[in-house]
Amino acid sequence: MAVNQSQLGQMFEQVLRLSKVDATQSVAILKSHYSDARTVQAATDAALRLGAKVYCVELPAFNHPMAMGNDMTAYCGDTALTGNIAAQRALEAADLIVDTMMLLHSPEQEQILKTGTRILLAVEAPEVLARMLPTEEDKTRVLAAAAVLEKARMMTVKSQAGSDFRAPLGQYPTVTEYGYADEPGRWDHWPSGFLFTWPNEDQAEGVLVLEVGDILLPFKSYARERITLEIEKGFVTKIHGGFEAEYLRDYMNYFNDPEVYGISHIGWGLQPRAQWTAMGLHDKNDGMCMDARAFYGNFLFSTGPNTEVGGKRKTPCHMDIALRRCDIKVDDLLVVAEGEVVAPEASRAR
Ligand SMILES: O=c1ccc(O)c[nH]1
Ligand SMILES: [Fe+2]
């Protein structure tokens with residue numbers, strides 16, 4: 001199916017209005033040659049219709065010789081903006097940046113946000129954007145869950161498959177993604193609908209078992225056999241299993257950087273319009289597969305960089321791994337039971 005340009009423009013108008021775009025605002029459209037032209041045009045037209053002053057910042061694409069695949073989350077940290085002070089100043093001048101080329105997990109993104117500029121990432125295919133059009137109800141539910149997570153001192157994750165993981169919390173903030181950038185200095189991602197934090201440095205412990213069907217990004221693969229990760233003092237120390245474990249070990253080893261094994265953001269999905277099955281219906285190059293990160297009741301954990309919250313780990317290898325059917329506890333509150341969101345009540349969508 002394909003979204004027509006008029007629908008896409010109307011959706012951007014809704015999301016930019018939710019992002020507080022009006023005649024008092026300036027909006028920068030950040031792009032590169034690989035940006036989706038339909039998205040760039042729709043964002044531009046919508047911002048103009050809302051009365052904003054609009055400009056475009058186009059950056060020559062950046063490729064690192066070690067990067068593999070086209071998923072923009074596969075190689076993090078250095079981007080087309082790295083070192084381009086003039087372009088960064090031009091972006092910092094905006095009230096809102098619509099990012100269609102991907103600054104996520106870069107130090108430059110944090111520097112821009114600190115000036116009060118808002119950033120909305122939009123790199124998924126228009127049809128995926130349409131299926132997960134953000135609503136204020138999404139925001140209410142994600143913030144209800146965040147109210148619990150930001151006070152927590154421990155997250156524990158267990159599963160029938162054998163996961164038994166615990167992460168002391170408190171050193172890092174809670175991050176919410178509800179699909180629009182409506183507060184000064186806020187980054188958000190359309191589409192999304194989930195929340196996460198980071199374990200205290202060097203303190204996550206236990207075992208995480210990827211069961212058949214769990215998702216590995218940026219591989220964009222459903223695990224076909226179990227993979228068992230042993231975590232000690234905040235780092236993955238062993239990866240057991242068959243071919244899939246060997247593939248994951250080989251890929252992470254390729255970066256020749258011990259920091260790739262650090263546990264990064266950990267949280268859970270709250271987007272009922274995101275589907276576990278969606279990845280199987282898309283090509284690997286269609287986008288970064290936000291369905292996997294946001295599907296309702298997942299446990300999403302990741303490895304590698306934690307610079308976006310002032311952590312010391314800047315490493316290019318970032319794995320996002322979504323597990324189904326976990327029990328997730330935040331302190332003593334069970335928030336997800338076998339992959340079903342159970343608390344807080346205000347975060348539930350069904
Ligand atoms: O929205 C996102 C996308 C990727 C990621 O690693 C975190 N959040
Ligand atoms: Fe991630």
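Atoms within a ligand are numbered from 1 in the order they appear, just like the ligands themselves. Note that the structure is a prediction, hence the values are computed from the model and not measured. Note that these values count all heavy atoms, side chains included, but never hydrogens, waters or copies made by symmetry. One-based numbering along the sequence shown.
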| remark: In ligand 1, the atoms that come under 4.0 Å of a heavy atom of Met290 are 1 (O), 2 (C), 3 (C)

| said: Under 3.5 Å, is there a donor on one side chain and an acceptor on the other for Arg186 and Thr117? | reply: no

| task | Could you tell me whether Lys114 and Glu110 have a side-chain N and a carboxylate O separated by less than 4.0 Å? | result | no

| remark: Near Trp187 (heavy-atom distance under 4.0 Å), the atoms of ligand 1 are 1 (O)

| message | Suppose we measure from atom 2 (C) of ligand 1 to each protein heavy atom; which comes out shortest, and what is that distance? | response | Glu177 OE2, 3.5 Å

| Got a salt bridge between Arg17 and Glu13, using NZ or NE/NH1/NH2 to carboxylate O under 4.0 Å? | yes

| Any idea which atoms of ligand 1 are less than 4.0 Å away from a heavy-atom of Asp320? | 4 (C), 5 (C), 6 (O)

| Above 12 or not: heavy atoms from other molecules or residues under 6.0 Å from CD of Glu58? | yes

| remark: In this structure, the Fe ion (ligand 2) sits at the vertex of an angle between NE2 of His318 and OD1 of Asp320 that rounds to 10° as 90°

| the Fe ion (ligand 2) to nearest N/O/S of His265 less than 2.8 Å | yes

| So which heavy atom in the protein is nearest atom 3 (C) of ligand 1, and how far is it from that ligand atom? | Leu104 CD2, 3.5 Å

| Is ligand 1 less than 4.0 angstrom away from at least one heavy atom of Trp190? | no

| query | Side chains of His265 and Ser302: closer than 4.5 Å at any heavy-atom pair? | reply | yes

| task | Using distance alone, determine whether His189 and ligand 1 share an N or O pair under 3.5 Å. | result | yes

| message | Any nitrogen or oxygen of His105 lying under 3.5 Å from a nitrogen or oxygen in ligand 1? Just yes or no. | response | yes

| message | Could you tell me, atom by atom, which parts of ligand 1 come under 4.0 Å of a heavy atom of His318? | response | 6 (O)

| query | Would a distance-only check, ignoring hydrogens and angles, find a side-chain to backbone donor-acceptor pair under 3.5 Å from Asp291 to Gln275? | reply | yes

| query | What atoms of ligand 1 come within less than 4.0 Å of a heavy atom belonging to Met288? | reply | 3 (C)

| query | Charged N to carboxylate O under 4.0 angstrom, Glu259 versus Lys314? | reply | no

| message | Under a 4.0 Å threshold between the charged nitrogen and the carboxylate oxygen, would Asp71 count as salt-bridged to Lys220? | response | yes

